[in-house]
Amino acid sequence: QVQLVESGGGLVQAGGSLRLSCAASGRTFSRFTMAWFRRAPGKEREFAAIISASTITTYYADSVKGRFTIFRDNTKNTVYLYMNSLKPEDTAVYYCAAGRDLNTRSNDFDYWGQGTKVTVSS
């Protein structure tokens, strides 16, 4: 069992930056693939970024590539999402998720946090 708690969301102007954190409970954090998904108002949840358990592999959605960076610290049981050059279309609730495989489909993830809201003003 893994419990995930996100933090770091808030209101930021376009072009600004935010760092999201996701703290995980349990001693098996380092075995999980971790990902960030997001759900914009009126839209379905979509994949944003993923990092392998080993931290070697990362992958990003085209919409965030070059602007977002996913990073994990297995000694702190925490995964981060550094978001730069934010755009109004990045406004969404951001969720972290833990899974077993390096997939980008939300159905492949077993554990989810409650989400943290990011609002980017124009």
Main-chain N/O of Lys76 paired with Thr78 side-chain donor or acceptor, under 3.5 Å: yes
Asp73 side-chain N/O to Thr75 backbone N/O, donor-acceptor pair under 3.5 Å: yes
Inter-residue atom distance Thr58.OG1 - Phe71.CZ, 0.5 Å rounding: 11.5 Å
Co-membership, hydrophobic cluster, residues Leu18 and Tyr94, 4.5 Å side-chain: yes
Polar contact flag, side-chain donor to acceptor under 3.5 angstrom, Asn84-Ser17: yes
Reported OG-to-OH distance for the pair Ser25 and Tyr111, which is rounded to 0.5 angstrom: 9.5 Å
Separation between CH2 of Trp36 and CD1 of Ile50, rounded to the nearest 0.5 Å: 13.5 Å
Min side-chain heavy-atom separation Cys96-Leu4 under 4.5 Å: yes
Over all atoms of both residues, closest heavy-atom pair of Ala14 and Ser122: CB-CA, 4.3 Å
Least distance between heavy atoms, Gly9 atom then Val118 atom: CA-CG2, 4.1 Å
Minimum side-chain heavy-atom gap Glu6-Gln114 below 4.5 Å: yes
Minimum side-chain heavy-atom gap Ile51-Thr33 below 4.5 Å: no
ILVMFWY cluster, Val79 and Phe32 together (side-chain gap under 4.5 Å): yes
Interatomic distance, Glu46 atom CD to Phe37 atom CZ [nearest 0.5 angstrom]: 10.0 Å
Minimum heavy-atom distance Phe68-Leu81, with the two atoms named: CD2-CD2, 4.0 Å
Intermediate values then yes/no, side chain to side chain contact (heavy atoms under 4.5 Å, CB included), Thr119 and Val12: CA-CA 6 Å; Thr119 303; Val12 63; over 6 Å; no
Leu102 with Tyr59, same ILVMFWY side-chain cluster at under 4.5 Å: yes
Donor-acceptor contact present, side-chain Asn77 to main-chain Gly26, <3.5 Å: yes
Ion pair check, Asp90 and Lys87, cut-off under 4.0 Å: no
Nearest-0.5 Å distance that lies between atom OG1 in Thr57 and atom CD1 in Ile70: 11.5 Å
Side chain proximity check, Tyr60 to Arg67, heavy atoms < 4.5 angstrom: no
Smallest separation among heavy atoms of Ala98 and Met34, with atom names: CB-SD, 3.6 Å
Nearest-0.5 Å distance that lies between atom CG in Asn74 and atom CZ in Arg31: 12.0 Å
Within one Ile-Leu-Val-Met-Phe-Trp-Tyr cluster: Val93 and Leu20, side-chain cutoff 4.5 Å: no
Any side-chain heavy-atom pair of Asp101 and Asp108 under 4.5 Å: no
Minimal non-hydrogen separation, Ala48 against Val64, with atom names: O-CG2, 3.3 Å
Lys117 atom NZ, over 12 foreign heavy atoms within 6.0 Å: no
Phe29 six-ring face occupied by Arg72 cation (under 6.0 Å, within 45°): yes
Considering all heavy atoms, the nearest Ser52-Ile56 contact: OG-N, 3.3 Å
Cation-pi, Tyr95 ring and Arg38 (6.0 angstrom, 45 degrees): no
